[in-house]
Amino acid sequence: METSTQPVSPLRHRMLEDMRMRKLSPKTRDAYIRAVSRFARYLGRSPDTATAEDLRRYQLHLVDAGTSPITLNATITGLKFLFDVTLGHGDVLAKMQSIRVPRKIPVVLNKQEVARLIACAGNLKHQTALALAYGTGLRANEVISLKVTDIDSQRMTLRVEQGKGGRDRYAMISPVLLERLRVWWRVARAQGKMLDGGWLFPGLNPINPLTARQLNRAIHEAATMAKIDKPVSMHTLRHSFATHLLEQKVDIRVIQVMLGHKKLETTALYTQVATEVLKEVISPLETLQPA
């Protein structure tokens, strides 16, 4: 069921229509198609003939092959769409069980490490993009999707259109970040790299935006140059943004809105890594009276 030169099967065609009807993102559609395609290869016949026992054995096969919980759950979600929505036969999934994904404490940089990381980025565009990611808490895909017109210097806000979950929101712009953006805009315009109303961080061809892969490569190279031993990714800057705000006594519900989190419990994870907050807690041992 993956992209090929062969004719599209009626089953795949219907599934694609069902996904289009629900306006699922291209990334989600591709993930669902891959999940069904892999199951079809395992099964050796059309997936619409699968039984509950076939699906149970497939999950055992994935577990025995060392498939991660995240990938396993994503596979089940894709198959659930096929059987539940496209085929209207969701009962065959009764023997498939989603897996609990262990929640890990995120890696967080201290402020000195963030400063070194941004300074060590290879060029002004990458430095500005990393500074924006840290200064706003935006995800990598949200950063590269920004356009010049999304900046409102009067209200000191940044419009984030269709972030994760298809939700729009506003991010804050600090005076320091606004000045960085203005410097980048002037340099990029002088070099002919930024079009009117175009991408805030254009690629080699200004018609296209910088890609997430290019941005991730830039931050990895910057981390190496900055001699940061921790595993660093674009999401590390988002984690650091949230943690540092929490340490600055910003209300966790405000941080939730700024991050675009649907659930407060997701934001609450940062209370476990806000070390400056923990330092202010007085241990009950300190309050014991001598016996």
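Worth saying up front: this structure is predicted, and the values here are computed from it rather than measured.
Between the His126 side chain and the Leu215 main chain, no donor and acceptor come within less than 3.5 Å of each other. Although no hydrogens or angles enter the test, the distance criterion places no donor-acceptor pair under 3.5 Å between the side chain of Thr157 and the main chain of Ala171.
By the 4.5 Å heavy-atom criterion applied to side chains, Met19 and Thr28 are not counted as neighbours. By the 4.5 Å heavy-atom criterion applied to side chains, Ile33 and Met15 are counted as neighbours. Residues Arg139 and Met234 have side chains not in contact (no heavy-atom distance under 4.5 Å, counting atoms from C-beta outward). Using a 4.5 Å cut-off on side-chain heavy atoms (C-beta onward), Thr51 and Val92 make no contact. Proximity of Arg180 to Leu178: side-chain heavy atoms (C-beta onward) are nowhere separated by under 4.5 Å.
Atom SG in Cys120 sits 11.5 Å away from atom CD in Glu221 (nearest 0.5 Å). To the nearest 0.5 Å, atom CG of residue Leu177 and atom CG of residue Leu132 are 5.0 Å apart. A distance of 11.5 Å separates CG of Leu138 from CG of Leu237, quoted to the nearest 0.5 Å. Between the CD1 atom of Ile255 and the CG atom of Leu264 there is a distance of 10.0 Å, given to the nearest 0.5 Å. Note: Arg182 CZ to Glu179 CD = 6.5 Å, rounded to the nearest 0.5 Å. Distance check: Met258 CE to Met172 CE gives 4.0 Å after rounding to the nearest 0.5 Å.
Residues passing the side-chain contact (heavy atoms from CB on, under 4.5 Å) test with Asp84 are Lys80, sequence neighbours excluded. Checked against side chain to side chain donor-acceptor pair (under 3.5 Å), Arg22 has no partners two or more places apart in sequence or in another chain. Residues forming a ring-ring contact (aromatic ring centres under 6.0 Å, His included) with His235 (at least two apart in sequence, or on another chain): His239. In terms of the side-chain contact (heavy atoms from CB on, under 4.5 Å) criterion, residue partners of Asp48 (sequence neighbours excluded) are, by chain and number, Leu11, Ser46, Leu87. For His61, the ring-ring contact (aromatic ring centres under 6.0 Å, His included) test picks out Tyr42, with sequence neighbours left out. For Arg45, the salt bridge (charged side-chain N to carboxylate O under 4.0 Å, His left out) test picks out Asp54, with sequence neighbours left out. Not counting sequence neighbours, Arg213 has no partner by the side chain to side chain donor-acceptor pair (under 3.5 Å) test. By the side-chain contact (heavy atoms from CB on, under 4.5 Å) test, Arg189 is found to be paired with Trp185, Met194, Asp196, residues two or more places apart in sequence or in another chain being considered. For Lys147, the salt bridge (charged side-chain N to carboxylate O under 4.0 Å, His left out) test picks out no residue, with sequence neighbours left out.
Counting non-hydrogen atoms of neighbouring residues, nucleotides and ligands closer than 6.0 angstrom, the CE atom of Met225 reaches no more than 12 such neighbours. Applying the 6.0 Å contact sphere to CZ of Arg56 captures no more than 12 heavy atoms from other residues, nucleotides or ligands. Heavy-atom contacts from other residues, nucleotides or ligands closer than 6.0 Å to NE2 of His13 number 12 or fewer.
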Can you give the donor-acceptor pairs under 3.5 Å from side chains of residues 62-72 to other protein atoms, not counting sequence neighbours?
unit_1, atom_1, unit_2, atom_2, d
Thr67, OG1, Leu62, O, 2.8
Ser68, OG, Thr71, N, 3.2
Ser68, OG, Thr71, OG1, 3.0

Q | side chain to side chain donor-acceptor pair (under 3.5 Å) evaluation trace for Ser25 with Arg29 | A | CA-CA 6 Å; Ser25 70; Arg29 296 182 204 179; over 6 Å; no

Q: Before giving the answer on salt bridge (Lys or Arg N to Asp or Glu O under 4.0 Å), spell out for Lys111 and Glu247 the whole-Å C-alpha distance, their side-chain angles and the decisive distance to 0.1 Å.
A: CA-CA 11 Å; Lys111 292 184 177 181; Glu247 292 176 342; over 6 Å; no

**Q.** Evaluation steps, side-chain contact (heavy atoms from CB on, under 4.5 Å), between Arg116 and Ile228
**A.** CA-CA 9 Å; Arg116 293 207 320 269; Ile228 297 174; 3.7 Å; yes

Q: Run the numbers on Thr128 and Phe201 for side-chain contact (heavy atoms from CB on, under 4.5 Å), then give the verdict.
A: CA-CA 9 Å; Thr128 309; Phe201 300 110; 3.9 Å; yes

Q: Could you go through the side chain to side chain donor-acceptor pair (under 3.5 Å) check for Asp18 and Thr86 one step at a time?
A: CA-CA 7 Å; Asp18 289 336; Thr86 300; 2.8 Å; yes

Q: Evaluate side-chain contact (heavy atoms from CB on, under 4.5 Å) for Lys95 paired with Leu55, printing each intermediate quantity in order.
A: CA-CA 7 Å; Lys95 294 184 179 180; Leu55 287 158; over 6 Å; no

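Residue Pro175 comes nearest to Met156 through the heavy atom pair N-CE, 3.7 Å, listed as atom of the first residue, atom of the second, then distance. Closest heavy-atom contact between Ala35 and Leu79: O-CD2, 4.1 Å. Heavy-atom minimum distance, Pro206 versus Trp199: O-CD1, 3.5 Å. Minimum heavy-atom separation, Gly135 to Phe241: O-CE1, 3.6 Å. Shown here for Leu130 and Ala222, the closest heavy-atom pair between the two residues is CD1-CB, 4.5 Å. The shortest non-hydrogen separation linking Pro47 to Phe39 is CB-CD2, 3.9 Å.
Note on residues 222-238: pairs passing salt bridge (Lys or Arg N to Asp or Glu O under 4.0 Å), not counting sequence neighbours, are Glu113-Lys230. Residue pairs meeting the salt bridge (Lys or Arg N to Asp or Glu O under 4.0 Å) criterion with at least one member in residues 252-264, sequence neighbours excluded: Asp251-Arg253.
Residues Leu246 and Ile105 fall within the same hydrophobic cluster, defined by Ile, Leu, Val, Met, Phe, Trp and Tyr side chains chained together at heavy-atom separations under 4.5 Å. Both Val143 and Ile173 are assigned to one and the same hydrophobic cluster, defined by single-linkage of ILVMFWY side chains at heavy-atom distances under 4.5 Å. No chain of hydrophobic side-chain contacts below 4.5 Å, direct or via other Ile, Leu, Val, Met, Phe, Trp or Tyr residues, connects Ile151 to Leu195. Leu181 and Ile118 fall within the same hydrophobic cluster, defined by Ile, Leu, Val, Met, Phe, Trp and Tyr side-chain heavy atoms under 4.5 Å apart, directly or through other members. Leu245 and Tyr170 fall into different hydrophobic clusters, where Ile, Leu, Val, Met, Phe, Trp and Tyr side chains are chained together by heavy-atom contacts under 4.5 Å.
Side-chain polar atoms of Gln214 and Thr211 form a donor-acceptor pair below 3.5 angstrom.
For His244 and Tyr134, the ring centers sit closer than 6.0 Å to each other. Within the 6.0 Å centre-distance limit, the rings of Tyr32 and Phe81 are counted as a close aromatic pair.
Ionic pairing of Arg14 and Glu17 is not present here: no N-O contact between side-chain nitrogen and carboxylate oxygen is shorter than 4.0 angstrom.
Partner of Arg159 under the side chain to side chain donor-acceptor pair (under 3.5 Å) criterion, out of Asp168, Asp152, Asp150: Asp168 alone.
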